[in-house]
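All remarks here apply to the structure that follows.
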Amino acid sequence: MPPGPALLESSTRNFICKSCLSALRKRPTVTPWPIRRSSQAADALAPRRPKRRSPEQEAERLKTLETLGLLRDAPTKISVNYFEQGRGGRLRRLQDENEFSKALNDPGGVMDMQLKELEDQLQGATSFAKAMTEMGEEEADTLLEESDTLSLSSLAIPINGLNGHRQDRIHRLNNWIRRCSRARERNNILPKDVQGLWKAYSAVRTTMSDRWHTVPIATWEVLWDILSAEYAFNTNRMSHIYALAKDMQHADVPLRPDQQILALEAMFIDGWESEAIDNHRRHVSTLGVNPDTFIPFWQLGLQMYCRVGDLERAKRVAKTIIESPHATDPRFIQPLIKLYAETPATVESGFKLYRDLRASLGDSMTIEDYDTIISFFLASGNTEYALFIFVDMMKSGSVDLVGVRQYPPSIANPFFFGKWLKRLIGAGDLEGAFSVLRLMKSHGITPPAIQVNGLIGAWLRSGVANNDQKADDIAWAMINSRIQFVELRRRKLSMPSVNLYQSGNGWPRANLETFSLLAENYKDRGLTAKMGPLWQSFQEAEIAPDSFLLNQLLFSLLQDGKDDVLFPMYEEVVRRSNLKPDSHTFMALWQALPVNRFTTIPPRNLETEVSRTRALFAEMIKNANIFKSRDGMEMDLFLARTILHSFRRIKDRAGLLLAYRAMRRIFNYDPPDMLVFEILLETMDLQKIAKRKEGVKLIRARTSVDHYLEHRYRELASSGSIKDGEDMPQHVKVEETGNFLELQLEAAFSEMAGEDAQRLAIKAAEEMGLQAWAARNQDPDIQPDS
């Protein structure tokens, strides 16, 4: 047996075992063939130098001797086994004498490593050239400028022994490694760098499964540094670390202590909880006693035990950290507080542990620390303990509610709890906010409607079915409270001597916001069947509506196909509540017209539809002030488009002309080019026309507009309104395009009406409310004959 290796010996030793040496000493001697002495005559006749036989003659001679039995067997060849001892003392049998000779001539494989390094440099140069061809010009220039700072040979993974797509994948990985290495040096790692590196690395894992030992150490370092970095966009960080650590283990690349701890955490988070805990226990004697890794190692163990619910081991680990001489942040105890809070029998112990933590941190305890611990108790249903902690945060420890039967007025009021609710809803802890509301009700504190509405709105916006149901239940409970209040108020007026009290489940009375939240939700979800009971309850609640609630009701009726009741409903609400509509209200009313409901209007009904359309426009003119803003009158493009096409579809040329003039004069609206061409070509789908034979019409219309603009440009330039040689300003171009459309509408109306144009225009202006508006504002410009 060879002697034992030195403890830190890193060189390779070669030897021949004693059994082989003894076999060599006892090598048998070979008996020579007997030589018959020749006679002198034969000697005289024999040539002094025999002629060399050809290979064919020698083969024939040996075959003849073998046939006659005169060919003796060759001497027995002795088999010699060669062994090599590695760094860890393990023996490896060498294949043959060539390998043995190589081990003697190149101990430790120094020459072989040098040759391999030269090959890697050549391979790196090849990969570099290929990367240059794949990159763009800018990236290639940057790569050339920084090539002196990048060691290609130390990062490139060799591809010898591979071919085809396997080489391409490793080429791609090498390119990403170089790119990320440069970005790391500039401290400019981007999301696409991490994603591209991981994608390229994942693609070669199968190819490299039996070649991990060929990856340079520097390459492993780059991969680890990039893929394990805590970037906000590196969402799969732990999965990357787990896969990378396994591959490095297969490559016999030792992990640093900090890397081992990170690999244990990644294993646990990736779902291998029991394996991670077992590995953690096996490293207690190494990582658990190393001063550099003592705190991270035991804190990781505490987090893992708390995650799996092993309270006893978690307590022992926490005690180990506390009793150690190493300095640590007291916040490490937070996972144990969470585990205490989740265990019904240890909730009080968890609260005491929180108090100890607060005493340890003192003034350094932040609001985020309080929020974290509060969430532990809220999630486990211990709302009262969560309140104690919130009071500590708000009152800085001056008020202690532990053991108090009745809360002081500074705490037991909706304003104090409202701050808590606002904070929880803003943080997205809707279930915690609901628990606080229930706690308020249990202590006889009625939450304000605005606070409950905030939670209802957050529930409805979440889109979760369970949250929708909770919001619906609480909102209707608030509506019932409002209806009870109205009924009690009515009875007190009729029976002033009788004391009546409202009974219920403690929810506040609904207000306009409560109804609006439900109405919007029902409209968005298409629950038109619930809009009827909601509107009936709203009338019973005796709350003045606003335009938002009216709009939700109108759009719900529109979705339900009840177009004929939309305008009567609008008139009833406006008349009864003196309500001011808005642009969305008129959008619903214009969409409810039969001409905009994808129905064919018989010719006999056109006159009726003309009157209805003009009456709706008159209603909008009467409420024209709702379109005012800080910048003047504004009208939505979709609403303006709907109005103009409504008059066009019912072939009311007088109404179309007057509506267009009114929108320009009253609402300061100039249509975009798209709407101009739609009206000129009498279509709502320009793309459809452009693809058909009618596309020539679009070209002619465009040519006519361009000619008109050229003509107006010469006139404006000659008058000095614009400088000759300069482009027409955009606002002037838009206005002139609108003038062109108005001229075309006037010509079409005059051609249709003939001599009755004046009479028909006056009648249309009167029905559309334009004469009254012109009289009030002394503006005759909307008349077609002006």
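Basis for what follows: all heavy atoms, side chains included, without hydrogens, waters or symmetry-related copies.
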Problem - Cation-aromatic face contact R438/F434, 6.0 Å, 45 degrees - result: yes
Practice task
Go through the steps to decide whether M635 and F667 satisfy the test side-chain contact (heavy atoms from CB on, under 4.5 Å), and finish with yes or no.
Solution key: CA-CA 7 Å; M635 176 172 285; F667 300 105; 3.7 Å; yes
Handout entry: E678 and R641 ion-paired at < 4.0 Å
Key = yes
Exercise for the section: Would you mind reporting whether M569 and L553 have side-chain heavy atoms less than 4.5 Å apart? Expected result: yes
Exercise for the section: Taking the side chain as every heavy atom from C-beta outward, state whether F555 and L558 have any atom pair closer than 4.5 Å. Expected result: yes
Problem - Heavy-atom neighbours of D564 CG exceed 12 at 6.0 Å - result: yes
Exercise for the section: Might you confirm whether atom CZ of R700 has over 12 heavy atoms from other residues, nucleotides or ligands at distances under 6.0 Å? Expected result: no
Problem - N480 side chain vs W476 backbone, donor-acceptor pair below 3.5 Å - result: yes
Fill in the blank from the handout: Separation between CG (D546) and CG (N551), nearest 0.5 Å, reads 8.5 Å
Problem - CD (E368) with more than 12 external heavy atoms under 6.0 Å - result: yes
Exercise for the section: Could you tell me whether a side-chain N or O of N623 sits under 3.5 Å from a main-chain N or O of M620, the two making a donor and an acceptor? Expected result: no
Handout entry: Carboxylate-amine/guanidinium contact D371 R423, below 4.0 Å
Key = yes
Completion exercise
OH of Y570 to CG of L579, rounded to nearest 0.5 Å, is 8.0 Å
Exercise for the section: Please report the C-alpha distance between N739 and R664 in whole Å, then the side-chain angles of each, then the deciding distance to 0.1 Å, and finally whether the side-chain hydrogen bond (donor to acceptor under 3.5 Å, both in side chains) criterion is met. Expected result: CA-CA 10 Å; N739 293 337; R664 299 191 71 193; 2.9 Å; yes
Problem - salt_bridge(R490, E542) N-O dist < 4.0 Å - result: yes
Problem - Atom pair CZ/CG of F417 and L439 - distance to nearest 0.5 Å - result: 5.0 Å
Problem - Pairing of K470 and E431 as salt bridge, 4.0 angstrom limit - result: yes
Handout entry: Lys/Arg N to Asp/Glu carboxylate O, R648 vs E682, below 4.0 Å
Key = no
Problem - NZ/NE/NH1/NH2 to OD/OE distance under 4.0 Å, R712 and E715 - result: yes
Problem - Over 12 non-hydrogen atoms of neighbours within 6.0 angstrom of CD1 in I450 - result: no
Exercise for the section: Output, in order, the C-alpha distance, side-chain angles, deciding distance and verdict of salt bridge (Lys or Arg N to Asp or Glu O under 4.0 Å) for E746 and R653. Expected result: CA-CA 9 Å; E746 285 183 1; R653 297 192 178 277; over 6 Å; no
Problem - Cationic N near anionic O, under 4.0 Å, E520 to K523 - result: no
Handout entry: Neighbour count above 12 (heavy atom, 6.0 Å) for K395 NZ
Key = yes
Problem - CH2 on W507 to OG on S481, rounded to 0.5 Å - result: 10.0 Å
Problem - Gap between atom CD of Q469 and atom CG of N467 - 0.5 Å precision - result: 10.5 Å
Problem - Heavy atoms of other groups near E571 CD, more than 12 under 6.0 Å - result: yes
Practice task
Applying side-chain contact (heavy atoms from CB on, under 4.5 Å), run through T514 and N511 and close with a yes or a no.
Solution key: CA-CA 5 Å; T514 310; N511 55 16; 3.0 Å; yes
Donor-acceptor contacts under 3.5 Å from residues 528-541 side chains, at least two apart:
| from | atom 1 | to | atom 2 | distance (Å) |
| --- | --- | --- | --- | --- |
| T528 | OG1 | D560 | OD1 | 3.4 |
| S537 | OG | P533 | O | 2.9 |

Practice task
Decide, yes or no, whether a salt bridge links R759 with D756 under the criterion of side-chain N to carboxylate O below 4.0 Å.
Solution key: yes
Practice task
Determine, stepwise, if the pair S646 / N596 fulfils side-chain hydrogen bond (donor to acceptor under 3.5 Å, both in side chains).
Solution key: CA-CA 7 Å; S646 298; N596 293 322; 2.9 Å; yes
Practice task
Flag yes if more than 12 heavy atoms outside D685 fall under 6.0 Å of its CG atom; otherwise flag no.
Solution key: yes
Exercise for the section: Carefully, step by step, assess F617 and I621 under the rule side-chain contact (heavy atoms from CB on, under 4.5 Å). Expected result: CA-CA 6 Å; F617 192 85; I621 292 295; 3.6 Å; yes
Problem - Over 12 non-hydrogen atoms of neighbours within 6.0 angstrom of CZ in F638 - result: no
Exercise for the section: Compute the centroid of each ring, for F390 and then for F416, and state whether the two points are separated by less than 6.0 Å. Expected result: yes
Exercise for the section: Using a strict cut-off of less than 4.0 Å between a Lys/Arg side-chain nitrogen and an Asp/Glu carboxylate oxygen, indicate whether R665 and E742 qualify as a salt bridge. Expected result: yes
Exercise for the section: Indicate yes or no for a side-chain donor-acceptor contact from N521 to the backbone of L517 under 3.5 Å, with no hydrogens or angles considered. Expected result: no
Handout entry: salt bridge (charged side-chain N to carboxylate O under 4.0 Å, His left out) partner of R614, the single match among E767, E609, E619, E766
Key = E767
Problem - Spatial distance of atom CG (L657) from atom CG (L760) [nearest 0.5 Å] - result: 12.0 Å
Practice task
For side-chain contact (heavy atoms from CB on, under 4.5 Å), just list the numbers for V391 and Y407, CA-CA rounded to whole Å, side-chain angles, deciding distance to a tenth of an Å, and then say yes or no.
Solution key: CA-CA 11 Å; V391 171; Y407 297 158; over 6 Å; no
Handout entry: Close side-chain approach of H707 to E710, heavy-atom, < 4.5 Å
Key = yes
Handout entry: Within-4.5 Å side-chain heavy-atom neighbours: L512 and F548
Key = no
